[in-house]
Amino acid sequence: MEEAFAATGAFNDKLKADGYWVFAGGLEQATTATVVDGQGETPVVTDGPYLEAKEYIGGFWVIDAPDLDVAIKLAAEGSKACRGKVEVRPFEGLA
């Protein structure tokens with residue numbers, strides 16, 4: 001795990017140096033999650049993740065890539081660094 005942390009740190013440094021970095025963060029274990037549903041009259045608060053699944057998101061990067069090809073290239077590098085799968089999605093922008 002320490003090797004993955006070091007490789008991910010180096011990848012983060014590369015993103016910053018190359019001007020792609022916006023921000024990133026790791027997430028605590030899914031068991032630490034709390035789900036809040038405030039759609040009704042009174043919010044319903046539930047311990048645990050929103051969905052029960054075999055895999056969970058461990059963290060994320062928000063990058064500024066000029067196109068999908070660059071985003072996929074960077075995702076492949078990030079995947080290798082963190083030793084996990086990386087999902088690529090366009091960001092709708094800041095509110």
Side-chain angles (χ1 to χ4, degrees):
M1 201 63 178
E2 289 181 26
E3 290 177 5
F5 289 151
T8 301
F11 175 67
N12 290 343
D13 292 342
K14 180 182 181 302
L15 288 175
K16 291 173 187 174
D18 293 346
Y20 297 118
W21 178 269
V22 176
F23 69 93
L27 299 172
E28 294 291 337
Q29 296 279 334
T31 56
T32 66
T34 301
V35 176
V36 179
D37 183 352
Q39 299 176 81
E41 186 68 30
T42 304
V44 176
V45 178
T46 309
D47 290 337
Y50 177 70
L51 296 173
E52 295 295 331
K54 294 187 298 184
E55 297 178 328
Y56 294 96
I57 296 173
F60 61 92
W61 287 281
V62 176
I63 62 168
D64 184 10
D67 57 47
L68 182 59
D69 291 336
V70 171
I72 289 172
K73 177 184 163 291
L74 293 170
E77 292 177 31
S79 173
K80 186 172 200 158
C82 73
R83 294 163 172 75
K85 296 177 183 176
V86 173
E87 179 180 332
V88 176
R89 271 199 235 178
F91 191 65
E92 286 190 22
L94 299 174

More than 12 heavy atoms from other groups under 6.0 Å of NZ on Lys80: no
Donor-acceptor pairs are to be reported for all side-chain atoms of residues 28-49 against protein atoms at under 3.5 Å, with residues two or more places apart or in another chain.
residue, atom, partner, partner atom, Å
Thr32, OG1, Gln29, O, 2.6
Asp37, OD1, Gln39, N, 3.1
Asp37, OD1, Gln39, NE2, 2.9

Shortest non-hydrogen contact from Ser79 toward Gly84: OG-O, 2.6 Å
Show the nearest heavy-atom pair for residues Tyr20 and Pro66, with the distance to one decimal. CE2-CD, 4.0 Å
With sequence neighbours left out, the residues meeting side-chain contact (heavy atoms from CB on, under 4.5 Å) with Ala6 are none
Just how far is it from atom NZ of Lys14 to atom CG of Leu74, taken to the nearest 0.5 Å? 6.0 Å
Let me check something: do Ile63 and Val70 share a hydrophobic cluster, defined by ILVMFWY side-chain heavy atoms less than 4.5 Å apart, either directly or through other members? yes
With sequence neighbours left out, the residues meeting side-chain contact (heavy atoms from CB on, under 4.5 Å) with Phe60 are Phe23, Leu27, Val62
Heavy-atom pair of closest approach, residues Gly78 and Val86: C-CG2, 4.1 Å
Check side-chain contact (heavy atoms from CB on, under 4.5 Å) between Asp64 and all other residues, then give those that pass, not counting sequence neighbours. Val22
Value rounded to 0.5 Å, distance of SG in Cys82 from CD in Glu77: 12.0 Å
Taking only residues at least two apart or on different chains, which pairs with a member in residues 48-63 satisfy side-chain hydrogen bond (donor to acceptor under 3.5 Å, both in side chains)? Asn12-Trp61
Restricting to side-chain contact (heavy atoms from CB on, under 4.5 Å), what partner residues turn up for Val88, sequence neighbours left out? Leu68, Ala71, Ala75
